[in-house]
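Following: one structure in structure tokens, then a few remarks.
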Amino acid sequence: MIIQPTDEALLQVAQALQSGQVVAFPTETVYGLGANALNQSAVQQIFHLKGRPASNPLIVHVASPDQAANVADLSGKSQIKARMDRLFPFWPGPLTLVLPKHSQISSLVTAGGETVAVRIPSHPVALRLLELVKLPIAAPSANLSFGVSATTAAHVYRDFGDSIPLILDGGACTIGLESTVVNLCEAKVAILRPGAVTRAELEAVLGEQVYVPESTTLNLKDAESHATSPGLHHLHYAPRTPLQLLSQVHFPSGSARGDSKLQRGLISFSNECTVLNREHFQVITTISQTADLVEIGANLFAALRELDQQGLDLIAVDSCADKGLGRAIMDRVRRARHN
Ligand code: TXA
Ligand code: MG
């Protein structure tokens, strides 16, 4: 059931979490599927509901840096602590930190690893809920595993129906791309998943170089090692319809064009791209008139979900420069490709 985040509803959802139920809630990045991170059977339900491999660890959400100290154990880890302190300006916000795990966090949450991913979301509904519940909340994105993340309550309902009794509606997510995941546990700070907090922003506050793996499209074998972020594997965000970058789509020319029965959809990043490609596509969704990266990020997943329901033979997606927020956008587009 989708419910509005009134004071009463927030209390009800907090109580549901305290009693071991799984609920969905909005964050500024994407919707989360949350459960008490200290309750093994609640956490198990998350994996079951999503069809998520047990090898892919969960992000633990907390309301404050103080609460993070009950999730991550930084005793004797002065370098990690110093880095974390420098990153506090991004909390609450779309930044997840991979830290040494506290002994009270079960290995189910961390997929057997010794590190735990922690985040303080900035969405007011998420923050209020975390303050009320007073527990660390394990929450992956609220979508079926290997599918496109949910950026509205309706997306969550479409994936799970009433198997999640409570879905808090906080409107459309303003960022629309999952958080930047940063590993602080190795000699070099590394971005495991690009997001709205960019490499340049991280480097500016850390005062050190931040490493970005050359290709974040890892194969499944790499993805299952705990040295990297297991959720980074290929096809992680794929719709069912085959998807290609617009620049790679082959259009039949001349007389062959009329014979082509292929139904193609396009996700366009600007009016210019829409106009240029009008004749080749049956459906065009323009997610920004002006190639505005914030707009593209916010609308991309909804557009992918929408076109995926139209029985098309192909979805083509426009491109933007692979830097800053554009890096996170192109990362998600590349992962959604079927080739
Ligand atoms: O924006 C977000 O991060 C959303 C909202 C709900 O907070 N959550 C999210 O969770 O995207 P999920 O489970 O869909 O993605 C979490 C990513 C996965 O790629 C996972 O492998 C990685 O974080 N991760 C989690 N724990 C990790 C750890 N200990 N070490 C390395 N990577 C980890
Ligand atoms: Mg996910």
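Read the numbers this way: they start at 1 and go in the same order the structure lists the ligands and their atoms.
- At distances below 3.5 Å, not a single donor-acceptor pair connects side-chain atoms of Gln67 with backbone N or O atoms of Val62.
- Judged purely by distance below 3.5 Å, without hydrogens or angles, the side chains of Ser149 and Glu178 pair a donor atom with an acceptor atom.
- In terms of N/O distances under 3.5 Å, ligand 1 is not approached by Lys50.
- Taking the six-membered ring for Trp, Phe251 and Phe281 have ring centres closer than 6.0 Å.
- A donor-acceptor contact under 3.5 angstrom links the side chains of Thr286 and Thr274, judged on distance only.
- Against a heavy-atom cut-off of under 4.0 Å, Ala117 is close to the following atoms of ligand 1: 25 (C), 26 (N), 27 (C), 29 (N).
- Salt bridge Arg335/Asp331: present, at least one basic N to carboxylate O contact under 4.0 Å.
- Rounding to the nearest 0.5 angstrom, the gap separating the CG atom in Leu97 from the OG atom in Ser179 is 9.5 Å.
- Only the side chain of Asn56 comes within contact range of ligand 1, with a heavy atom under 4.0 Å; no backbone atom does.
- Of all atoms in ligand 1, numbered sequentially from 1 with element shown, those under 4.0 Å from a heavy atom of Val98 are 30 (N), 31 (C).
- Of the heavy atoms in Arg52, only side-chain atoms (C-beta onward) come closer than 4.0 Å to ligand 1.
- At under 3.5 Å, a nitrogen or oxygen of Arg193, whether backbone or side chain, sits near a nitrogen or oxygen of ligand 1.
- Residue contacts with ligand 1, taken as heavy atom pairs separated by less than 4.0 Å, involve Leu58 solely via the backbone atoms N, CA, C and O.
- Per-residue contacts place His61 under 4.0 angstrom from the following atoms of ligand 1 (heavy atoms of the residue considered): 5 (C), 6 (C), 7 (O).
- Here Ser145 fails the criterion, with no N, O or S atom under 2.8 Å of the Mg ion (ligand 2).
- A perpendicular orientation is assigned to the rings of His61 and Phe25, their planes being inclined by more than 60° (bins at 30° and 60°).
- Checked by atom type, the side-chain pair Asp66/Ser64 shows no donor-acceptor distance below 3.5 Å.
- For ligand 1, the atoms closer than 4.0 angstrom to any heavy atom of Ser179 are 1 (O), 2 (C), 3 (O).
- Between the side chains of Thr27 and Arg119, at least one donor N or O sits under 3.5 Å from an acceptor N or O.
- Of the N or O atoms in Glu178, none lie within a sub-3.5 Å distance of an N or O in ligand 1.
- Using 4.0 Å as the threshold, Ile59 has a heavy atom nearer than that to some atom of ligand 1.
- Proximity of Lys101 to ligand 1, defined as any heavy-atom pair under 4.0 Å, is not found for any part of the residue.
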